[in-house]
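Only heavy atoms go into these numbers, but all of them, side chains included; no hydrogens, no water, no symmetry mates. Chain naming here is simple, since letters A, B, ... match the order of the sequence lines and numbering starts at 1 in each.
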Number of protein chains: 2
Amino acid sequence: MREPIEARHPARRQPLFQVEDTDFMFELSQLRCFVAVAEELHFGRAALRLNMTQPPLSRQIQILERVLDVTLLERSNRAVRLTPAGRRFLADARHLLKLAESAAALARRVASGKAGSINIGFTATSAYSYVPALVAACRRELPDIEISLKEMVSSDQLKRLDSGEVDIGLLRPPIPRGGLGAFRVTAEPLVAALPGGHPLAQADQPRLEDLASEPFIMYEPYEARYFHDLLVELFSRASLVPNYVQHLAQIHSILAMVHSGVGVALVPEAASNLRFSGVVLRPVLMQWERPAELFFVWRSDNDNPLLPVIAGIARDLAAQAGSIQSMDRSIQ
Amino acid sequence: MREPIEARHPARRQPLFQVEDTDFMFELSQLRCFVAVAEELHFGRAALRLNMTQPPLSRQIQILERVLDVTLLERSNRAVRLTPAGRRFLADARHLLKLAESAAALARRVASGKAGSINIGFTATSAYSYVPALVAACRRELPDIEISLKEMVSSDQLKRLDSGEVDIGLLRPPIPRGGLGAFRVTAEPLVAALPGGHPLAQADQPRLEDLASEPFIMYEPYEARYFHDLLVELFSRASLVPNYVQHLAQIHSILAMVHSGVGVALVPEAASNLRFSGVVLRPVLMQWERPAELFFVWRSDNDNPLLPVIAGIARDLAAQAGSIQSMDRSIQ
DNA sequence: CCGATCCATCCAAAAAAGGTATCGACCTAT
DNA sequence: ATAGGTCGATACCTTTTTTGGATGGATCGG
């Protein structure tokens with residue numbers, strides 16, 4: 001094109017002047033041609049295998065050799081042999097073709113949601129029961145995906161969802177309207193956390209007012225806002241004024257305090273998975289009940305193909321857990 | 001050809017039915033297109049970078065996506081974004097392009113003799129001095145090549161040279177005429193191997209007839225034919241009839257025998273590299289001298305590009321060693 | 001609502017790839 | 001020795017693909 005016409009047919013017998021603009025590269029189809037010839041060591045048979053005729057095959061091999069500036073095949077009139085460079089390149093050619101194949105397959109898998117990676121944010125308390133169950137289910141149904149988990153409070157999750165750093169948030173209400181999809185995955189009752197020897201631990205089901213008259217370990221109003229606000233509303237509706245002796249954000253810290261006899265607390269049922277020795281959990285009798293809710297949240301315009309798949313898994317899991325949970329509660 | 005004529009012009013105008021026979025594969029040029037677009041996130045700029053115009057670029061990306069059956073790029077009218085599958089495929093595409101590049105480079109290196117692999121056969125005795133020197137020189141000048149060394153007797157080397165299992169033979173004469181190239185790389189004098197306390201070990205230069213009157217350790221006539229025949233001729237020309245007390249093939253076995261006082265022997269000078277304790281080596285005074293020769297031999301039609309390069313190294317080494325050797329001898 | 005931006009589409013022209021026929025070298029068999 | 005067969009390269013023509021300019025259509029900012 002930018003070369004003079006005569007350069008099109010340079011006396012091909014002198015490879016001396018073959019400058020080869022270097023931005024030229026072979027194509028995978030040429031590798032396929034080469035592999036076929038190298039395996040058959042016969043242009044005719046190779047052409048047959050490639051569903052083409054021999055002359056264009058010869059030409060493709062010549063082009064490949066010219067681009068590489070390497071003789072790959074030694075053609076005597078009676079036999080075709082690989083040169084050492086050809087032998088070396090054959091291995092690489094096979095490798096490249098295989099990689100190309102698997103790159104295509106992987107792209108397809110990612111697009112169909114069978115493979116890929118996803119970032120999930122979760123609140124500290126959800127880690128006690130729902131998150132492990134969800135991750136286990138995903139690992140089972142989508143063994144090839146990469147799940148990256150990050151613990152953060154609900155408000156941070158919303159920020160990261162917005163910025164795209166997180167694909168899925170497992171967080172506490174409230175959930176802002178704009179551009180987010182969400183559904184509830186757990187709704188656990190709050191249970192009383194009591195020191196083993198505490199009088200209330202004898203009762204099957206202490207009443208909320210009993211707890212309110214004990215030294216009470218409360219949630220931190222900012223880092224654990226959801227539980228803080230939930231308890232405030234609970235006590236307020238019951239017209240109770242508990243005696244807050246300590247504010248903490250983490251459930252395991254609260255249970256440690258209960259263990260040490262600092263006071264009693266209300267924790268979500270999933271805390272039972274912590275199995276804190278010397279601390280007993282008891283369902284609480286209360287007038288107005290509200291479960292601790294956890295939501296599965298995503299950005300509506302997130303196009304990660306794993307999202308709908310994992311959302312489906314999460315929904316199924318929630319349904320199962322829900323039925324078990326209600327069963328549990330009916331037993332109590 | 002075997003298809004009906006009409007099948008040649010399938011209704012190409014309906015992409016609706018483009019079933020894509022799946023044996024179609026993308027090409028590296030399309031990967032380059034995709035990488036450019038994915039990096040620029042802008043078809044126009046990417047086209048500029050690829051030295052083409054935007055429409056064909058768009059088309060190539062579409063073809064790539066159709067072949068993969070995966071949407072790689074999300075084109076809103078205002079911005080281009082990668083889909084998750086596209087992000088995944090981008091990494092693979094870059095990897096493939098890099099591999100293709102280095103495969104080409106490696107093929108060129110192999111063709112030019114800067115890389116590659118070569119099989120070298122050598123006789124047991126050559127391992128004491130010339131082979132290590134040659135291998136060291138090759139490792140220094142051709143750090144990227146793979147040298148495979150196999151010890152075998154000269155006749156076996158010739159067989160393997162013929163079959164192509166060995167590219168280079170380091171062997172003893174005679175060398176058959178047919179289709180082989182060869183040059184001499186070492187010519188070492190034979191020296192006397194004597195027990196440390198032996199009377200002849202006191203002399204600076206024992207005479208051949210002195211050795212012939214001692215119990216003499218001889219080379220095995222088949223496995224060490226070259227040295228056997230050499231010594232036979234040596235003694236025959238000097239009209240000596242030595243007293244052969246033992247026949248052995250390996251030099252180190254012979255020296256061990258000398259060490260044990262079984263007798264004396266004649267060994268090539270390079271045996272001094274063995275440093276056998278209690279055995280002294282002495283130059284021998286003889287009428288008619290003939291050095292033990294080692295040849296570098298290859299098949300004339302061997303097209304391994306390393307062959308001429310290593311042959312050059314071997315020749316240089318021989319020249320150097322030759323001069324040092326003569327120096328050594330002049331000192332003695 | 002208009003102009004700018006940007007990707008997709010259309011179409012004619014150019015390039016590339018494919019196919020048929022044939023060449024030329026070489027090996028084999030008569 | 002020579003005729004016939006084999007096999008890769010070449011010549012030449014046809015088909016397919018790619019290219020690039022022009023244009024379309026959607027969207028965003030002013």
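- One atom, CZ of B:R75, and another, P of C:dA8, lie 5 Å apart when rounded to the nearest Å.
- Contact annotation: B:Q62 side-chain N/O to C:dT9 OP1/OP2 distance is under 4.0 Å.
- A:E27 and A:S29 share no side-chain donor-acceptor pair at under 3.5 Å.
- Between C:dC7 and B:S58, no contact under 4.0 Å exists linking OP1 or OP2 to a side-chain N or O.
- For B:R59 and C:dA8, the shortest distance from a side-chain N or O to OP1 or OP2 is not below 4.0 Å.
- Spacing between atom CD of A:E74 and atom P of D:dG8 amounts to 14 Å, rounded to whole angstrom units.
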Which pairs would a plain distance check flag for residues 68-76 of chain B, meaning a side-chain donor or acceptor within less than 3.5 Å of a matching protein atom at least two apart in sequence or in another chain?
from: B:R75; atom 1: NH1; to: B:E65; atom 2: OE1; distance (Å): 2.9
from: B:R75; atom 1: NH1; to: B:E65; atom 2: OE2; distance (Å): 2.9
from: B:R75; atom 1: NH1; to: B:L73; atom 2: O; distance (Å): 3.0
from: B:R75; atom 1: NH2; to: B:E65; atom 2: OE1; distance (Å): 3.2
from: B:S76; atom 1: OG; to: B:R78; atom 2: N; distance (Å): 3.3
from: B:S76; atom 1: OG; to: B:A79; atom 2: N; distance (Å): 3.1
from: B:S76; atom 1: OG; to: B:A79; atom 2: O; distance (Å): 3.2

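- Not a single donor-acceptor pair under 3.5 Å links the side chain of B:Y226 to the backbone N or O of B:V153.
- Using a cutoff of 4.0 Å between basic side-chain nitrogens and carboxylate oxygens, A:R49 and A:E39 are scored as salt-bridged.
- In this structure a side-chain-to-backbone donor-acceptor pair under 3.5 Å is missing from B:D92 to A:L99.
- In this structure, B:I61 reaches neither bases nor backbone, as no heavy-atom distance under 4.0 Å exists between it and the strands shown.
- Straight-line distance from the CG atom of A:L50 to the P atom of D:dG8: 13 Å, rounded to whole Å.
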Close N/O contacts between protein and nucleotides 21-25 of chain C (under 3.5 Å):
from: C:dA25; atom 1: O4'; to: A:N77; atom 2: ND2; distance (Å): 3.3
from: C:dA25; atom 1: N3; to: A:N77; atom 2: ND2; distance (Å): 3.3

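- Under the 3.5 Å distance criterion, the side-chain polar atoms of A:D167 are matched with a main-chain donor or acceptor of A:N119.
- For the pair B:L48 CG and C:dC6 P, the computed distance is 13 Å after rounding to whole Å.
- Between B:F26 and B:F89, the ring planes are perpendicular. Angles over 60° get that label, and only those under 30° would be called parallel.
- At least one donor-acceptor pair closer than 3.5 Å links the side chain of B:N304 to the backbone N or O of B:S117.
- Counting to the nearest Å, the P atom of D:dT18 and the CZ atom of B:F26 are 15 Å from each other.
- The CD atom of B:Q30 sits 12 Å away from the P atom of D:dT17 (whole-angstrom rounding).
- The end-to-end axis angle of the helix from C:dC1-D:dG30 to C:dT30-D:dA1, rounded to 10 degrees and based on five pairs per end, is 20°.
- Checked for salt-bridge contact, B:D156 and B:K159 meet the test: a charged N lies under 4.0 Å from a carboxylate O.
- For A:Q60, a side-chain nitrogen or oxygen approaches OP1 or OP2 of C:dG18 to under 4.0 Å.
- For the segment residues 33-40 of chain B, the set of residues with a heavy atom within less than 4.0 Å of an atom of DNA chain D is empty.
- For B:T123, the side chain to side chain contact (heavy atoms under 4.5 Å, CB included) partners are B:T125, B:S126, B:S154, B:Q157, B:L171, B:R172, B:L294, not counting sequence neighbours.
- In this entry the distance linking CG of B:L73 with P of C:dA8 reads 9 Å, nearest Å.
- Checked against D:dT19, C:dG18, C:dA17, the side chain of A:I63 finds its nearest nucleotide in C:dA17.
- Computed from coordinates, the B:H42 NE2 to C:dC7 C1' distance equals 9 Å when rounded to whole Å.
- Residues satisfying the side chain to side chain contact (heavy atoms under 4.5 Å, CB included) criterion with B:D316, sequence neighbours excluded, are absent altogether.
- With hydrogens and angles disregarded, a donor-acceptor distance shorter than 3.5 Å links the side chain of A:S300 to the backbone of A:G179.
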